[in-house]
Each structure stands twice: as C-alpha cells, then as structure tokens.
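See below for the structure under consideration.
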Amino acid sequence: MTSSRRDQTWREAYDSNGYVVVEGLLNEDELEEVRDALAPLLAQGPSGRNDFEGTGTQRVYTLVARGKVFEALVEHPSVLSMIDELLLPNYLLTASQAIAIAPGESPQPAHSDDAFYTIPRPRPAVSISTMWAIDDFTEANGATEVIAGSHGWTEEQLGNLYGRDGSDGLAPHRQAGLRPLIMPAGSCAVFAGTLVHRGGANRSSSVRRAISNQYCEPWARTQENFFLAVPGEKVVHMSPRVQAMLGYSIHPPFMGQVTARHPLKTLTADFENPLEG
Ligand SMILES: O=C(O)CCC(=O)C(=O)O
C-alpha cells in the first residue's frame, strides 16, 4: 500500500470510529526495553486512590521524564505523523503515564479524556490520546474498551457520563456498545479525546501494562503541569520535539512566553529571571 493510501485509510477509520489501532510499532526488543524500564517504576508505584484510577491499578505519572525509552514513545514518528494531522502545530503533551491493571480489577467508569474542556458537544477533540499495548490486550486482561462513534455524541447522548456534573455513569443501554481493543503488544491505539472508553476488568491471571501519552491543542491547559514536575536539568537533555511538547515552545504570536522571552531561554546558563533575587 502506498503511504498516501495508508494515510487515507487510518484517517477514514479515525474519523468514523473516533479511534484507530496501529499494530507492530514496537518489535520484541523494543518491548523488552520498555518492560525493563517499567519494572522498577511499577515495583514502587502505589495503587490508584479511587475507582477512576482503579484501586487495583498502578499508575506512574509524568512517564516522559522517567527514561529515554519513554521519551522515544512520546515522539514516535508514526504516532506523531497522525497527531500532526489531528491537532494544530505546536500541540502539547498533556499527560504521560503507565497504567498497569492487576488481576481482579473491575472496569473503570466510562469517560472521555477531554471532558474537562467544557465546550458543548458535538465538537472537535481538544486532545488526542494514545494507548500503547505493552502486553497483548485480550478479551480477558483489561483491554481498553471503546464505543465506536461516541466521539460524535451530543451532550444528551453522553448523559451522566463520569466526570460530568452530577454524573453517576453511562446509561446501561449505552454501555452495551463498549468493545475491547484487542491488539498485540507493540500496537498503539490513537483515539479522540471525545471518545467514550474505559479500562476493562482484568479477569486474567496477569497484569495488563499500557502506556498512555496524550496530546492537546497548543491553546489548551494541560492535565500534567510539566513545568513544575520535570526539573529544567532534565529538560535540557530532552529532544527539541519533546521540549516543545512539554511547553518549551511558543504558540504564535506569544502563548507560552516567559517575561517576553522564548521559554527555551530559561534552560540556558545565562538566563536571568527579573523576578528572582
Ligand atoms: O487503562 C486503560 O485501558 C484506560 C485508562 C483510561 O482511560 C484512563 O485512565 O483515562
């Protein structure tokens, strides 16, 4: 298939279903590298604090800054070539986390990832989520479940979806539309921030590991505050693309400026902050 035909195919699927799964983005060696880097983080990581995080689910936030291998996933060329089409130039990373669903975990409340942007629906997604399968996603082990086409739902169709005012969950007749994203390890699902989905129940005997990087429009507030979370000494060693996605960039004409200067200047030795000292 030519690349333009392939591009057209993913875009058609994404536009009509609100998601697309790309298989085979990581080979076995790359997967092993990711798993090795995740192991010590998951060994320390606490379980989720509520039903949404999942009390049987471990989450490691700000993953992008916890190893070069995670940084590489954030700027994986195949994924970014899709995000480049879906968001404005200068888009940002809004969240970066590992999600490990343990055996026995119940399903997460169904939700959409950019629900906190309270622009009435239907509307374009303000953020795009990715879900990397680090283990095979199966029917039984807590594969992410999605409702195809729900990215186009109206406010009325969403009803009391989790995260909305007075919410108590997705109406039972709508829950019937949830389908697991069965995909082999090394695949990545790319889906609209408006798509209704949830982490599935893990009825298997092993942990389901995933990595979710999410990207948002350059004018939107990010979920994670990377300026405070990631020390400048670490940012200096990141690639220009990742630095830009962490907010060390300008969305023209001047969103992101630091006392009227480019935010990258804050990383240089001779930067002087007029508010310090
Ligand atoms: O772990 C998953 O499959 C989905 C998690 C999710 O959607 C979330 O935490 O926002």
Side-chain angles (χ1 to χ4, degrees), residues 17-23 34-35 38 41-42 45-64 70 73 79 93-117 125-148 150-151 153 158 161-164 167 169-170 174-175 177-204 206-216 220 222-224:
N17 298 324
Y19 71 93
V20 62
V21 172
V22 188
E23 294 190 3
V34 173
R35 289 175 185 140
L38 274 182
L41 299 173
L42 292 174
S47 282
R49 296 159 289 189
N50 49 47
D51 271 1
F52 186 82
E53 285 187 314
T55 50
T57 299
Q58 277 181 285
R59 288 173 188 262
V60 182
Y61 292 95
T62 325
L63 195 68
V64 60
F70 304 126
L73 288 187
V79 170
L93 187 69
T94 172
S96 175
Q97 59 177 292
I99 308 176
I101 302 184
E105 177 64 296
S106 52
Q108 189 186 34
H111 62 280
S112 62
D113 281 341
D114 74 3
F116 34 70
Y117 301 118
V126 177
S127 72
I128 308 293
S129 296
T130 64
M131 189 66 69
W132 287 90
I134 305 305
D135 295 301
D136 290 342
F137 273 30
T138 69
E139 193 88 45
N141 75 354
T144 310
E145 297 173 352
V146 302
I147 303 184
S150 58
H151 62 308
W153 282 4
L158 286 176
L161 191 69
Y162 183 89
R164 289 159 59 86
S167 59
L170 187 63
R174 301 228 181 259
Q175 298 216 10
L178 285 159
R179 294 279 177 279
L181 293 177
I182 308 294
M183 54 181 173
S187 311
C188 185
V190 176
F191 58 94
T194 42
L195 187 77
V196 178
H197 67 283
R198 67 180 183 185
N202 190 342
R203 297 179 300 275
S204 78
S206 45
V207 175
R208 186 230 68 183
R209 291 164 296 184
I211 290 176
S212 181
N213 295 315
Q214 302 177 21
Y215 308 81
C216 71
T222 58
Q223 292 178 52
E224 293 199 53

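Note that these values count all heavy atoms, side chains included, but never hydrogens, waters or copies made by symmetry. Whatever order the structure lists ligands and atoms in, that order sets their numbers, starting from 1.
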>> Please classify the T57 to ligand 1 contact at 4.0 Å (heavy-atom distances, strictly less than): side chain, backbone, both or neither.
In response: neither
> What part of E105, side chain from CB on, backbone N/CA/C/O, both or neither, has a heavy atom under 4.0 Å from ligand 1?
Replying inline: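 For E105, there is no contact with ligand 1 at all, from either part.
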Can you list the atoms of ligand 1 that are under 4.0 Å from a heavy atom of [X]?
X	result
G199	2 (C), 3 (O), 4 (C)
D113	10 (O)
I99	1 (O), 5 (C)

>> As a test of understanding, state which of V79, I128, T130 forms a side-chain contact (heavy atoms from CB on, under 4.5 Å) with N213.
In response: T130
> Taking the six-membered ring for Trp, are the ring centroids of H197 and Y19 within less than 6.0 Å of each other?
Replying inline: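 Not close enough - the centres of the two rings lie 6.0 Å or further apart.
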>> Could you check whether any side-chain N or O of R35 sits under 3.5 Å from a backbone N or O of I134, counting only pairs where one atom can act as donor and the other as acceptor?
In response: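 Confirmed, R35 side chain pairs with I134 backbone.
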>> Using a 3.5 Å distance criterion without hydrogens, assess whether the side chain of S204 forms a donor-acceptor pair with backbone atoms of A140.
In response: no
> How far does CG of L158 sit from OG of S150, to the nearest 0.5 angstrom?
Replying inline: 8.0 Å
> Taking atom CD1 of I99 and atom CD of Q108, what is their separation to the nearest 0.5 Å?
Replying inline: 7.0 Å
Closest approach of any protein heavy atom to [atom], naming residue and atom:
atom	result
atom 1 (O) of ligand 1	R208 NH2, 2.9 Å
atom 5 (C) of ligand 1	Q108 OE1, 3.4 Å
atom 10 (O) of ligand 1	H111 NE2, 2.9 Å
atom 7 (O) of ligand 1	H197 NE2, 2.9 Å

> So is E53 in contact with ligand 1, going by heavy-atom distances below 4.0 Å?
Replying inline: no
>> Evaluate Q214 for polar contact with ligand 1, using N/O atom pairs at a separation under 3.5 Å.
In response: no
>> For the 3.5 Å polar cut-off, considering only N or O atoms, please tell me whether T144 and ligand 1 meet it.
In response: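 Yes; the residue has a nitrogen or oxygen that sits under 3.5 Å from a nitrogen or oxygen of the ligand.
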> Just checking, is any N or O donor in the side chain of E105 or T57 under 3.5 Å from an acceptor N or O on the other one?
Replying inline: yes
> Any side-chain donor-acceptor pair under 3.5 Å between S96 and E224?
Replying inline: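 Side-chain D/A pair, S96 to E224: absent.
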